[in-house]
Amino acid sequence: MKILVINSGSSSLKFQVIDSETERVLAKGLCERIGIDGRFTYKTDTGVSLKERVPMEDHKQAVHTILDTLSDPDRGVIRAFSEIDVVGHRLVHGGEKFTGSVVISEEVIHAMTECNDLAPLHNPANLVGVEACRQLMPDTLMVGVFDTAFNQTMEPKAFLYGLPYKYYERHKIRRYGFHGISHKYVSRRAAQFMGQDPGRVKTIVCHLGNGASICAVKYGQVVDNSMGFTPLEGLVMGTRCGDVDAGALEYLAKKEDLDIRQIVAILNQESGVLGISKNFSSDFRELKDAEIKYHEKAALAREIFAYRVAKYVGSYAAAMNGVDNIVFTAGIGENDSDIREEICSYLEYLGIAIDEVKNREQAEAVKISDGTSRVNVLVIKTNEELEIAREAAAVAEGLV
Ligand code: ADP
């Protein structure tokens with residue numbers, strides 16, 4: 001099957017065409033600045049590479065550009081739109097309603113719209129992409145793959161906050177956890193790489209990118225996830241604060257005369273390593289370079305980041321009563337060997353020992369713990385698009 005994977009944001013739309021049998025990426029690209037001045041980037045596995053300005057007033061025009069290019073006799077990888085068997089859409093928030101991937105129907109769109117309040121930045125933007133595809137490919141099967149679905153196996157003891165229960169009942173305030181597509185892909189790939197049965201291992205996945213989360217996966221099911229009701233909770237991130245005492249926020253609001261919207265904007269956009277480094281950078285490469293030049297707060301920001309990751313890993317080892325695999329993934333997790341080394345230095349009590357040479361290797365998957373280590377430590381490149389294509393193919397196959 002040929003699967004078109006769509007990840008639609010408010011002004012951008014990423015796509016890939018994946019052959020589900022060979023898992024080869026036939027083409028991929030990105031529409032940016034939709035509704036502004038339109039940029040289109042496109043690459044195929046046959047060597048076509050484009051970067052051009054294309055006016056795109058809305059997401060429908062963006063999808064049109066993608067489909068026209070994909071089916072272009074010179075630049076394309078298919079002969080007609082109809083060669084796309086399934087479109088797999090990345091959808092951020094499925095609330096408690098969606099515990100797996102689904103065929104997108106009117107009812108699903110309605111149910112998702114009801115979750116818009118839970119993810120006001122992401123869900124409406126995802127739905128605009130879905131609508132654009134439905135209009136241009138009315139006969140093609142659309143499958144929704146949720147970022148929250150994999151985390152739906154958490155038990156109430158993990159997902160409930162210590163708030164009055166009525167707020168969960170009335171407003172569904174609870175931990176949802178995010179990055180589920182990545183955590184699922186990476187935890188399974190780790191088991192496969194190690195020759196283990198995913199249903200028999202305890203894995204902690206550290207997805208460390210601009211947005212960062214840790215997930216405890218026991219015997220293939222999520223036990224806990226560091227992100228919460230929103231993707232703000234948990235680790236210190238690029239610009240997000242992670243865990244913070246809610247009491248401090250009222251104090252800050254009073255002292256700085258801020259309202260709740262201003263506070264939330266500070267927590268999401270001005271905090272994390274950016275805020276700690278006194279606005280030096282949210283980018284870990286820049287922070288590392290600055291550290292070398294003795295920029296004190298840049299070093300502190302990285303130190304806090306690593307410490308918080310180690311604390312979560314320790315707590316999730318406790319939550320699962322043990323851990324077999326610890327896996328690093330995403331921009332920082334895959335590339336920053338110093339951070340990995342620092343995090344692992346807190347985990348010697350778990351019997352973890354890192355091979356310094358392996359830790360500097362670059363590969364799709366690599367085991368960086370040494371022969372004496374009681375826990376496998378791995379670095380695995382995440383591949384959310386492939387996971388979406390797999391899910392979309394599985395849903396489509398289930399219908400045949
Ligand atoms: P997101 O998808 O959440 O936007 P990414 O997974 O792309 O984030 O990760 C972005 C982060 O990865 C940035 O902080 C960036 O600095 C960091 N990063 C990327 N490459 C490297 C590298 N070679 N060394 C250290 N950090 C890196």
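Each residue takes its place number in the sequence, starting with 1. Computed from a predicted model, the values in this text were never measured in an experiment. Every number for a ligand or one of its atoms is a count from 1 in the order of the listing. Atom set for the values below is all heavy atoms of this structure, side chains included, hydrogens, waters and symmetry mates excluded.
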Could you identify the single nearest non-hydrogen protein atom to [atom] and state the distance to 0.1 Å?
atom: atom 4 (O) of ligand 1; result: Asn210 ND2, 3.2 Å
atom: atom 22 (C) of ligand 1; result: Asn335 CB, 3.2 Å
atom: atom 17 (C) of ligand 1; result: Ile332 CG1, 3.6 Å
atom: atom 16 (O) of ligand 1; result: Asp283 OD1, 2.5 Å
atom: atom 14 (O) of ligand 1; result: Phe284 N, 3.2 Å
atom: atom 24 (N) of ligand 1; result: Arg285 CG, 3.5 Å

Point to revise | Geometric cation-pi criterion, Lys172 with Tyr168: 6.0 Å, 45° | key: yes
Review point. For Tyr176, is the NZ or CZ atom of Arg174 found under 6.0 angstrom from the centre of its six-membered ring and inside 45 degrees of the ring axis?
Key: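 Yes, Arg174 and Tyr176 form such a contact.
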Check your understanding: So, does Gly238 sit close enough to ligand 1 that a heavy atom of it is under 4.0 Å from the ligand?
Key -> no
Practice item. Could you label the plane-to-plane angle of the Phe81 and His64 rings as parallel, tilted or perpendicular, counting under 30° as parallel and over 60° as perpendicular? Key: perpendicular
**Study point:** Mutual orientation of the aromatic rings belonging to Tyr167 and His171 [parallel < 30°, tilted 30-60°, perpendicular > 60°]
**Key:**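 Rings of Tyr167 and His171: parallel, under 30°.
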Point to revise | Heteroatom proximity flag, Gly331 to ligand 1, N/O under 3.5 Å | key: yes
Practice item. Would you mind running through ligand 1 and noting each atom that sits below 4.0 Å from a heavy atom of Ser282? Key: 14 (O)
Check your understanding: Which atoms of ligand 1 sit under 4.0 Å from any heavy atom of Gly211?
Key -> 3 (O)
Point to revise | Asn279 side, atom CG; Leu274 side, atom CG - distance, nearest 0.5 Å | key: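 Reported value, rounded in 0.5 Å steps: 5.0 Å.
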Exercise for review: Only one of Leu267, Asn268, Ile276 passes side chain to side chain contact (heavy atoms under 4.5 Å, CB included) with Cys241; say which it is.
Suggested key: Leu267
Practice item. Look only at the side chain of Asn123 and the backbone of His93, and say whether a donor-acceptor pair between them is shorter than 3.5 Å. Key: yes
Review point. Does a donor on one side chain and an acceptor on the other come within less than 3.5 Å for Asn359 and Arg340?
Key: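 Result is yes, a qualifying pair exists.
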**Study point:** Protein heavy atom under 4.0 Å of atom 2 (O) of ligand 1
**Key:** no
